[in-house]
Amino acid sequence: MSYSAYMSATRGYDLSLFETSGTAAKKPAPKKVKKRLANNRIVELPEAVEETGQRRQHNFAALAFGFILASIIVVVVGVIIHGQVQLAELNQKITAANTELETSRSEYIQLQAKVDASLSTATVEEYARTNLGMSRATNQQKRYISLADSDKAEIFSEDEGTVFDEVGEYFGSMLS
């Protein structure tokens, strides 16, 4: 592939040649320089166009906005990750507490069964018979008491009533 073929192939990537407005359209076309090669062929080379030396100016407001936006995104992602970590820790604590609760309930049921078995009437009666020397009461040991109708107890309370109570008692005593 010759050099001229290379130059014509790379012009397809030079988009400034196809622009109709802007700075590329105002640039003059590069001058072509003819150069002879060793085997007497003539090749046309474009003359190098000098660059203006101007640097692209940065928009500091856009840079600051981008930096602030990136910082906010990093903080939000950090807060979300932190929240998920706390949620996972709390779920582990809840699972551990539920396991401990079930263990405690099982132990409580076992202890309650032991207490119920040790305090049954048969166990108490057996303990009273063997250790305390007690026996069941017979009919000769039982005494029944009957109260006559005349025996009653009255409870007096001295509370001071209102004037209306005294008037009601007065009329009540007159009727009886």
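A quick note: this is a predicted structure, and the numbers were derived from the prediction, not measured. What's counted below: heavy atoms across the whole structure, side chains too, no hydrogens, waters or symmetry copies.
Between the Ser173 side chain and the Tyr170 main chain, a donor and an acceptor come within less than 3.5 Å of each other. With hydrogens and angles disregarded, a donor-acceptor distance shorter than 3.5 Å links the side chain of Thr95 to the backbone of Asn91.
The shortest side-chain heavy-atom distance between Met134 and Glu125 does not fall under the 4.5 Å cut-off.
Residue Gln112 places its CD atom among more than 12 non-hydrogen atoms of other residues, nucleotides or ligands, all under 6.0 Å distant.
Linking ILVMFWY side-chain heavy atoms closer than 4.5 Å, directly or via other members, places Val79 and Leu87 in two distinct hydrophobic clusters. Ile73 and Ile81 fall within a single hydrophobic cluster, where Ile, Leu, Val, Met, Phe, Trp and Tyr are joined by side-chain heavy atoms under 4.5 Å apart, directly or via other members. Linking Ile, Leu, Val, Met, Phe, Trp and Tyr whenever their side-chain heavy atoms come within less than 4.5 Å puts Ile68 and Val76 in one cluster. Follow the hydrophobic side-chain contacts under 4.5 Å out from Leu101 and you never reach Ile109; the two are in separate clusters.
To the nearest 0.5 Å, atom CD of residue Gln86 and atom NZ of residue Lys93 are 9.5 Å apart.
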